[in-house]
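FYI, side chains are in, hydrogens and waters are out, and symmetry mates aren't considered; it's all heavy atoms of this structure. In listed order, ligands and their atoms are each counted from 1.
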Amino acid sequence: MNRHLISIDDLAREDIERVLRRAESFAEVSGREIKKVPTLRGRTVVNLFYESSTRTSSSFELAAKRLSADTVSIKAQGSSVDKGESLKDTIQTLSAYDPAAIVIRSPHVGAADLVARWTPAAVINAGDGKHEHPTQALLDLYTLRRRTGTLDGLSVWIVGDVLHSRVARSGVLAFARMGCKVTVCCPPTLIPRGIEALGCEVRHTLDDLGEADVVYTLRMQQERMNGTLVPSLREYAARYQINGRRLGPGQLLMHPGPVNRGVELSAEVIDSPQALIAEQVESGVVVRMAVLYELLTAGQGGGPAAGQRLPSNEPTERQPA
Ligand code: NCD
């Protein structure tokens, strides 16, 4: 596994399998009354969020805490970023605390990749503009596999604002890598050019939605839209909303949140037993624990890389440093 997690492309299928297995083992910890293991005791995880987030930021923070790391969580609002400090200066400042990992969310494509060049810490991309959101894709795989038992051969339809969605990009790569057949479906104005190259088919109507085992819906990201890409949300909903009429009884429903109720999803499907939306949120913690664990306690074979000193009390499978 790479030292950083910037893109799903950093992960081979075996790496993904390992993260999912590790997450399973942390699910047991989450069931205990005291939900903590000492794995990252004495190490520091910095969460740096330059964009709003509820699920991703809270689950990264909980994940680091449940591994006993010290955490520093910074939101752009209220930090020196407000005062015009550059990303590079911010990273250099935070590097003074010698963090083992920096988790970053930014509105800019490529921000996590840049951060990885400026710090010896392991860098985890928690969403860079409309580029990628790899831990979301991993938690989606984990959630789906828990429900279905297998991912191989499943037909996954990703429906919604694909153009602005880092979740879609990471999702196509991840589902395809795990053997799913991926279809993206949205109005022609909301499809990024060349997305087929990531490993999916493209449709512009829901006519064949019946072939999907899983319907993965996306939010209309109005904050990233400049101009009128869809005539109106009402018109979008009329053609693409997943509702009780369109979702078949055997199909599973996913959404990364936050949901725009009444736009991409109707209330009755959000609250149906076919929806995995609450499980996706719950999985966020154990999957992010697994990612932190795999990156920070690396060393399968090779010695610990920069920023990856092994904690002395770590009961791991590898040799002590
Ligand atoms: C997504 C994001 O921020 O990329 N949400 C999330 O991380 N759970 C999707 C979205 O904002 O629509």
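Neither side chain, R219 nor H255, offers a donor N or O lying under 3.5 Å from an acceptor on the other. A side-chain N or O of S73 and one of E61 form a donor-acceptor pair less than 3.5 Å apart.
Close approach of ligand 1 to Q221 (heavy-atom distance below 4.0 Å) involves ligand atoms 10 (C), 12 (O). The ligand atoms of ligand 1 that sit less than 4.0 angstrom from a heavy atom of R105 are 2 (C), 3 (O), 7 (O). Residue T56 has at least one heavy-atom neighbour below 4.0 Å for each of these atoms of ligand 1: 6 (C), 7 (O). Proximity to P256 (heavy-atom distance under 4.0 Å) selects the following atoms of ligand 1: 8 (N). Every atom of ligand 1 with a heavy atom of V167 under 4.0 Å away is listed here by number and element: 1 (C), 4 (O), 9 (C).
Applying side chain to side chain contact (heavy atoms under 4.5 Å, CB included) to V29 and the options V286, V285, V37, L67 leaves one that passes, V37.
Proximity of I124 to L292: side-chain heavy atoms (C-beta onward) are separated by under 4.5 Å at one or more points. Taking the side chain as every heavy atom from C-beta outward, H164 and M220 never approach each other to under 4.5 Å.
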side-chain contact (heavy atoms from CB on, under 4.5 Å) for T71 and F60? Distances and angles first, verdict last. CA-CA 10 Å; T71 58; F60 263 114; over 6 Å; no
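In terms of protein heavy-atom proximity, atom 6 (C) of ligand 1 is nearest to G257 O, 3.6 Å.
For atom 7 (O) of ligand 1, the nearest non-hydrogen atom from the set R55, H133, E132, E264 belongs to H133. Comparing R166, Q136, R219 against atom 4 (O) of ligand 1, the shortest heavy-atom distance belongs to R166.
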